[in-house]
There are 2 protein chains.
Amino acid sequence: MNRDSEVASLSLAGLIAASGPRYRTATEFVEATLRTAILSGSLGGGTPLRQEDLAEAFGVSRMPVREALRQLEAQALIDFVPHKGAVVTEISASDAADTYAIRLALEPAAFALSIPHLNGEDFTRAADLIAEMDAEPDPSRMGELNRRFHMSLYARAGRPRLLALVEGQLAAFDRYLRFHLAAKGREHMSQDDHRAMLDAARSGDTARAGAVLKSHIGTAAATIDRFFAER
Amino acid sequence: MNRDSEVASLSLAGLIAASGPRYRTATEFVEATLRTAILSGSLGGGTPLRQEDLAEAFGVSRMPVREALRQLEAQALIDFVPHKGAVVTEISASDAADTYAIRLALEPAAFALSIPHLNGEDFTRAADLIAEMDAEPDPSRMGELNRRFHMSLYARAGRPRLLALVEGQLAAFDRYLRFHLAAKGREHMSQDDHRAMLDAARSGDTARAGAVLKSHIGTAAATIDRFFAER
DNA sequence: TACATCAAGATTGGATCCAATCAACAGATG
DNA sequence: CATCTGTTGATTGGATCCAATCTTGATGTA
């Protein structure tokens, strides 16, 4: 066993032990844990993922590991290198730009479709999530809250596949959110954006909501770009 | 073996025999063949797909079948019903609307990013594909040609993940293209749209190109909607 | 010393086997 | 006659085993 694999196993050990929800199948367990580890940065880009090591770390056979890796490959989180094992895909300015281009295309569409059908309960939930984010000290939980906030505003779009795509892109964005938070200290800027989005949605102003959202995503993109440029 | 499964096997037999390209792995072979069968309509919505039957039909074990089904589930082409087997997802007006909403969001973005970098070779290829579509008598090949035409215009967007998403949506669209072709006879309408898209791209008119593309997608959506409404 | 060749190790994809779970149906019972 | 229950059959998820392929390092030679 080489050192990289040991590192991967050690990084995973905590996550595996802390596996809160109980999964229906071992494959789900492995996939969800690996995805969390990659998106949160516990498994950094370039980390090799050998099936046998992962199977041992998870206490399962190689088969659920294999299926989980396939799923992660489909989500562009890992690359398969034939006869060398899977490796966690590297993050890069260009990959981040890709994510932002997709978000910029999809999210305003989902938002516009959703706004006319949002109700009071939705607005309350979104406001609660803003408050939660203001109070949340743990940066690693920020990704989920951010994702839930955005999704709460898109939820009434009535387009399940569109929403699934958006949610996937927001999850992919988690890999970069860490840098964003690091660069912006406590990220008050985007909380202002979030409030503006909610306000616009409340008043049913679809055009303004779209403009705010695009600017929100654009600001985040610029922050990440700057981060990559500065190294 | 129940009758539905026999139908599925029979539908597949031809495709399996005609498998032109040689695949690197059995999983790829099964996945590609099943996807083609579903997208082309050979396997209609609701068809149950039992792993054992498929394994027998493909001449492989259940394992590559299982992995292929997982991939297809991730692409929303099949649903897993626990302890009942997988079934091909039903197509519906609402699902079609979902596909169109996604295309309408993603494709203009890809087009706009690509247009400034398109070169003469790209335009020639696109024009060739239009000519090919004009001459193609086989409706089942139209989907691939249509997809390649669209992708040829987006190819220079420089956003690999965005393009992968777009290509996936265009492939999903194949399931509806059959109805579109049936409704429009020889579909000269959208060939006009295709020429207009190419013209706009050639002259570098990003705004007009986007407008034409949106109208193109909107027209197709309306045709499909009408088709579903009429039954 | 550089390079070609070959053997051993590692890694994956696939096959077969086993256990757990659930659906469906027959039969009993109120 | 409706309903509940127990049993059987079907189906999947997971484990273990095997074969094929590639990488890598050692070794011999020009």
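Computed from a predicted model, the values in this text were never measured in an experiment. Throughout, protein chains are lettered first and strands after them, A, B, ... in sequence-line order, and every chain is numbered starting at 1. Computed over heavy atoms, backbone and side chain alike; hydrogens, waters and symmetry mates excluded.
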Any B/Tyr154 side-chain heavy atom under 4.5 Å of B/Leu113 side chain: no

Under 4.0 angstrom between A/Thr27 side-chain N/O and D/dG14 OP1 or OP2: yes

A/Leu54 CG to C/dA10 P: how many Å, rounded? 17 Å

Nearest-Å distance for atom pair CZ/C1', residues B/Arg70 and D/dG14: 11 Å

Confirm from the modelled atom types if A/Arg66 and C/dG14 form a donor-acceptor pair under 3.5 Å, side chain to base only. yes

We want to know whether B/Glu28 and B/Gln71 form a side-chain donor-acceptor pair, criterion being a heavy-atom distance below 3.5 angstrom. no

Between B/Phe80 (CZ) and D/dT11 (P), how many Å, whole number? 14 Å

Whether B/Arg125 and B/Asp128 form a salt bridge (side-chain N of Lys/Arg under 4.0 Å from carboxylate O of Asp/Glu) is what I want to check. no

Report the distance from atom CE of A/Met63 to atom C1' of C/dC18, rounded to the nearest whole Å. 13 Å

A/Arg50 side chain near C/dT11 phosphate (N/O to OP1/OP2, under 4.0 Å): yes

Check whether NZ of the Lys or CZ of the Arg B/Arg147 lies under 6.0 Å from the centre of the six-membered ring of B/Phe173 and within 45 degrees of that ring's axis. no

Protein-nucleotide distance (B/Glu56, atom CD; D/dT11, atom P), rounded to Å: 13 Å

Let's test your reading of the model: under 3.5 Å, does the base of D/dG13 pair with the side chain of B/Arg62 as donor and acceptor? yes

Can B/Arg141 and B/Glu144 be counted as an ion pair, charged N to O under 4.0 angstrom? yes

Whether A/Lys84 contacts C/dT12 is assessed here as follows: a side-chain N or O lying under 4.0 Å from the phosphate OP1 or OP2. Is that the case? no

To the nearest angstrom, the CD-P distance between B/Glu52 and D/dG13 comes to 13 Å

When you get a sec, tell me which of C/dG14, D/dA15, D/dG14 is the closest nucleotide to the side chain of A/Ser61? D/dA15

Rounding to an integer number of Å, can you tell me how far B/Glu31 CD sits from C/dG14 P? 12 Å

Could you check whether B/Gln51 gets within reach of a base, just the sugar-phosphate, or nothing at all, counting any heavy atom under 4.0 Å? sugar-phosphate

Nearest-Å distance for atom pair CZ/P, residues A/Phe58 and D/dA15: 13 Å

